[in-house]
Structure formats: C-alpha cells, structure tokens
Amino acid sequence: QVQLVESGGGLVQAGGSLSLSCEASGLTFSNAAMAWFRQVPGKEREFVSIINWSGDDTYYEDSVKGRFTISRDNGKNTVYLRMNSLKVEDTAVYYCAGDPRSGGPFIRAVINGRMEMAHWGKGTLVTVSS
C-alpha cells in the first residue's frame, strides 16, 4: 500500500519561506515521478511542480517559477518543495503525489492535466498572511 505523508505546512507572512516534505512508502520511489499540487477550498486542484525519477527534470506552474524549488532524496524516499517569496495567493492545501511512471510524455500529460498521478497524500495546509 502506497502512503505519501506531507509535512511542513503552517502559517507564514507574505514574503517569507516555507519548506514542505513528503515521505513515501510502498512505492519504488527511485523510479517514480513526484509532484506537488495545491487546492483552495471551492476551487479546482492545480498543478504546482513535478520532478522526474532522477531529479534531472523539473517543471513548475508559471506563477511559482523562480520562487519554488522541487527536489528529491531517493535515499530517503522524500520529495521536497521549498517555497520562497510567498504570496497571499499561495495559500492552499498542498498535496504530494507520486506515480511509478516517470517518462517525459507522462510528465507532460500530468502538467497539461490529461493524466492523473496514481497516488496522493492527504495534504498539508499553507497559509500566507498579509
């Protein structure tokens, strides 16, 4: 059974930084694509960032480019999201997602919303105050 457990959410002032972590179990982590999504209540879940199995390829939603950094440690089965220069509009529940597929076509399909990640965490709340 795959489990993804997020941690690191909390309250931060605008302009501040926060780091999220997601530890995976039950998944061959070193082969998996890992991603972060977020959702504001009442709105659709949106893609934030994705990283391929090796960490060589990373992609970001336009509004977080230059501010957020995704990374992974395959030895610790953990993916991270470093969030800098946080804005009030970054407030959301952040979800970690993983999938054993990690090829370029799959990743592009996830970014474009044409395919879904197979496994999801329960989310961690990030609140950015003004």
Side-chain angles (χ1 to χ4, degrees):
Q1 181 181 358
V2 176
Q3 283 194 315
L4 302 176
V5 181
E6 303 97 335
S7 61
L11 175 64
V12 63
Q13 283 194 321
S17 299
L18 210 57
S19 289
L20 305 183
S21 299
C22 170
E23 185 172 358
S25 60
L27 179 71
T28 305
F29 186 83
S30 58
N31 291 344
M34 300 298 298
W36 291 94
F37 290 75
R38 65 187 180 186
Q39 188 170 23
V40 175
K43 294 189 176 182
E44 287 191 0
R45 186 176 61 202
E46 66 171 358
F47 165 79
V48 175
S49 182
I50 193 167
I51 187 167
N52 77 330
W53 66 274
S54 66
D56 290 342
D57 292 326
T58 59
Y59 302 88
Y60 299 92
E61 191 269 331
D62 285 346
S63 70
V64 308
K65 281 180 183 176
R67 300 189 298 121
F68 290 12
T69 302
I70 191 170
S71 62
R72 65 190 296 157
D73 185 336
N74 286 350
K76 295 182 178 180
N77 285 6
T78 301
V79 63
Y80 306 95
L81 187 69
R82 176 66 177 178
M83 304 183 292
N84 295 328
S85 303
L86 281 160
K87 304 176 181 180
V88 172
E89 51 265 41
D90 294 318
T91 296
V93 177
Y94 283 72
Y95 295 92
C96 172
D99 197 294
R101 296 165 289 185
S102 188
F106 172 72
I107 287 177
R108 287 191 290 275
V110 169
I111 294 169
N112 294 329
R114 291 184 287 109
M115 296 193 75
E116 288 268 338
M117 301 287 281
H119 308 290
W120 295 84
K122 294 183 178 180
T124 186
L125 177 63
V126 172
T127 303
V128 184
S129 64
S130 60

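The chain is numbered in sequence order, starting from 1.
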Connected via hydrophobic side-chain network under 4.5 Å: [X] and [Y]:
X: V2; Y: V79; value: yes
X: Y60; Y: M34; value: yes
X: L86; Y: L81; value: yes

(Q) Before you tell me yes or no, could you show the steps for W36 and C22 under side chain to side chain contact (heavy atoms under 4.5 Å, CB included), namely the whole-Å CA-CA distance, both residues' side-chain angles and the distance that decides it to 0.1 Å? (A) CA-CA 9 Å; W36 291 94; C22 170; 3.7 Å; yes
Q. Are any non-hydrogen side-chain atoms of V128 and Q13 less than 4.5 angstrom apart?
A. no
Q. Between L20 and Y80, is any pair of side-chain heavy atoms under 4.5 Å apart?
A. no
From [X] atom [atom1] to [Y] atom [atom2], the distance as rounded to the nearest 0.5 Å:
X: S102; Y: N31; atom1: OG; atom2: CG; result: 8.0 Å
X: F37; Y: E46; atom1: CZ; atom2: CD; result: 10.0 Å
X: L4; Y: S25; atom1: CG; atom2: OG; result: 7.5 Å
X: S21; Y: E6; atom1: OG; atom2: CD; result: 10.5 Å

Measure across [X] and [Y] and return the closest heavy-atom pair with its distance rounded to 0.1 Å.
X: L18; Y: G8; value: CG-O, 3.5 Å
X: A92; Y: V40; value: CB-CG2, 3.9 Å
X: A32; Y: L27; value: CB-CD2, 3.8 Å
X: T78; Y: K76; value: OG1-O, 2.8 Å
X: F68; Y: V48; value: CD2-CG1, 3.8 Å

Taking only residues two or more places apart in sequence, or in another chain, which ones meet [X] in a side-chain contact (heavy atoms from CB on, under 4.5 Å)?
X: I111; answer: F47, I50, Y59, I107
X: V93; answer: Y95, L125
X: N74; answer: F29, S30, R72

Q: State which residues pass side chain to side chain donor-acceptor pair (under 3.5 Å) with K43; sequence neighbours excluded, sorted by chain then number.
A: none
Q | Check against side chain to side chain contact (heavy atoms under 4.5 Å, CB included), M115 and R101 | A | CA-CA 11 Å; M115 296 193 75; R101 296 165 289 185; 3.0 Å; yes
**Q.** Flag, side chain of N52 to backbone of A33, donor-acceptor distance under 3.5 Å
**A.** no
Q: Any pair with a residue in residues 111-124 that passes side chain to side chain donor-acceptor pair (under 3.5 Å), sequence neighbours left out, goes on the list, sorted by first then second residue, please.
A: R45-E116
(Q) Filter on side chain to side chain donor-acceptor pair (under 3.5 Å), then keep only pairs touching residues 82-93, sequence neighbours left out; what's left? (A) S17-N84, S19-R82, R38-D90, R67-D90, R82-N84
